[in-house]
Amino acid sequence: MLSNLTNLNPEEAEETIQTVKGFFSDLNLEKIITIVVLFAACMVAMKVILRLVDKTFQKMEMEKGLRTFIHAALRVILWLITICIVLDYVGVPMTSLVAVLSVLGLAVSLAIQGTLSNLAGGIQVLVSQPFKAGDYVEAGGVGGTVVEVGLAYTKLATVDNKVISVPNGQISTEKIINYSTADRRRVELTFDADYIHPLEQVVACIRRVVEAHPKVLDQPAAPFVRASAYKDSSIEYTVRVWCATADYWDVYYDLVEQVKHAFDQEGIQIPFGRLDVHIIDPN
């Protein structure tokens, strides 16, 4: 591109100016009508092409943001083609014009490199559709509910109702965790109990709480309750249950509270850190 700009010497520029001056000096009614007709024909062709493209996008059920971006980009390209056609009829050398436009395009792209990166990331997100509005995701280092998927930014609403705009360039280069894609999620919890009570008693106590919860599901797997580790002062029990995605946090917090109440009723203690202090009499 830069080599094309270097080839634009003063003689070519002067020739272009003289060509344009000569065209306007010989301008008559016939040439004016020809330019108007040529421009009108280009405008009609532009509208027909854009209408056909819009109908095609609607049949493909393409994402609205991506459809809007492609429509706008295509409109700009068609306008550039129209201008080139008219200028070519006027007599402006196309090689010089294309060289200037290419260099200007390079300069603009370097100036807005970050924005172009976000646009490319937005197109990638809209095409691959790893999430949609209403999904709860972790993307770009932020967790929240997707409010809007734009071309440059994706808006996420956090649990404390803050709306964060995350650049799509950042989202497209990092992992995306979508918690709303599947209709079921697995809740995994761990509880500690002392060594005094038998394993069978603690497991049975936890299982009764789990099976009594109305939102715990038996599919795709039955509730799992087993001893998973022996610690210094306690035995660790792992609990895995399935529930509807929308009920995840209800089941999570309900089990945490209800297991503690069940332990209290059966006298099962949850060990906690202790510090024994011995005072030595110096006498």
Side-chain angles (χ1 to χ4, degrees), residues 63-66 68-69 114-115 117-193 206-225 228-229 234 236-264 270 272-273:
E63 187 74 23
K64 182 179 179 181
L66 181 60
T68 303
F69 173 77
T115 302
S117 175
N118 290 334
L119 287 175
I123 294 174
Q124 180 179 344
V125 169
L126 290 171
V127 171
S128 60
Q129 293 185 342
F131 51 76
K132 62 182 184 299
D135 289 351
Y136 186 88
V137 301
E138 287 184 11
V142 179
T145 303
V146 179
V147 177
E148 179 184 353
V149 183
L151 281 173
Y153 294 90
T154 295
K155 294 182 179 180
L156 301 178
T158 62
V159 292
D160 54 350
N161 206 27
K162 292 185 296 187
V163 178
I164 302 176
S165 298
V166 185
N168 285 331
Q170 182 177 348
I171 292 178
S172 62
T173 56
E174 297 184 4
K175 69 176 182 180
I176 301 171
I177 303 176
N178 192 333
Y179 294 98
S180 303
T181 301
D183 58 347
R184 296 176 183 179
R185 286 185 64 184
R186 190 180 73 178
V187 180
E188 183 166 345
L189 297 168
T190 58
F191 299 96
D192 288 346
I206 298 175
R207 188 173 292 277
R208 283 195 296 271
V209 173
V210 170
E211 293 176 350
H213 199 289
K215 295 182 179 180
V216 171
L217 305 177
D218 292 331
Q219 297 294 332
F224 174 90
V225 182
S228 55
S234 63
E236 181 183 88
Y237 297 86
T238 297
V239 179
R240 299 191 185 102
V241 297
W242 287 89
C243 66
T245 301
D247 298 332
Y248 179 86
W249 291 114
D250 289 340
V251 173
Y252 183 96
Y253 291 115
D254 285 350
L255 292 182
V256 170
E257 296 173 356
Q258 292 172 9
V259 167
K260 176 61 169 62
H261 293 320
F263 279 5
D264 292 342
I270 300 176
F272 53 89

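Quick note: residue numbers are just sequence positions, from 1.
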Intermediate values then yes/no, side chain to side chain contact (heavy atoms under 4.5 Å, CB included), Leu189 and Val256 = CA-CA 8 Å; Leu189 297 168; Val256 170; 4.0 Å; yes
Are the side chains of [X] and [Y] in touch, meaning some heavy atoms are under 4.5 Å apart?
X	Y	answer
Ile270	Lys260	yes
Ile176	Glu138	no
Trp242	Val251	no
Phe191	Val239	yes
Val137	Ile177	no
Val216	Cys243	no
Leu255	Val241	yes
Leu156	Val163	no

What's the spacing between [X] [atom1] and [Y] [atom2] if we round to 0.5 Å?
X	Y	atom1	atom2	result
Tyr237	Asp192	OH	CG	9.5 Å
Asp135	Asn178	CG	CG	4.5 Å
His261	Gln258	NE2	CD	7.5 Å

Do the rings of Tyr252 and Trp249 sit parallel, tilted or perpendicular, given the 30° and 60° boundaries?
-> perpendicular
For the pair Tyr136 and Tyr179, name the ring-plane relationship: parallel under 30°, tilted 30 to 60°, perpendicular over 60°.
-> tilted
Specify the closest pair of heavy atoms between [X] and [Y], including all atoms of both residues, with the distance to one decimal.
X	Y	result
Ser228	Thr238	OG-OG1, 2.7 Å
Tyr248	Arg186	CE1-O, 3.6 Å
Gly134	Ser180	O-OG, 4.5 Å
Thr158	Gly143	CG2-O, 3.7 Å

Steps toward side-chain hydrogen bond (donor to acceptor under 3.5 Å, both in side chains) verdict (Asn168, Thr154) = CA-CA 6 Å; Asn168 285 331; Thr154 295; 2.6 Å; yes
Tell me, please, which residues at least two apart from Arg184 pass side-chain hydrogen bond (donor to acceptor under 3.5 Å, both in side chains).
-> none
Got a sec, which pairs hit side-chain hydrogen bond (donor to acceptor under 3.5 Å, both in side chains) with one end in residues 207-216, sequence neighbours left out?
-> Arg208-Glu266, His213-Asp254, Lys215-Asp250
Listed partners of Asp218 passing salt bridge (Lys or Arg N to Asp or Glu O under 4.0 Å), at least two apart = none
Counting distance only, does the side-chain N/O of Thr245 pair as donor-acceptor with the main-chain N or O of Asp183 below 3.5 Å?
-> yes
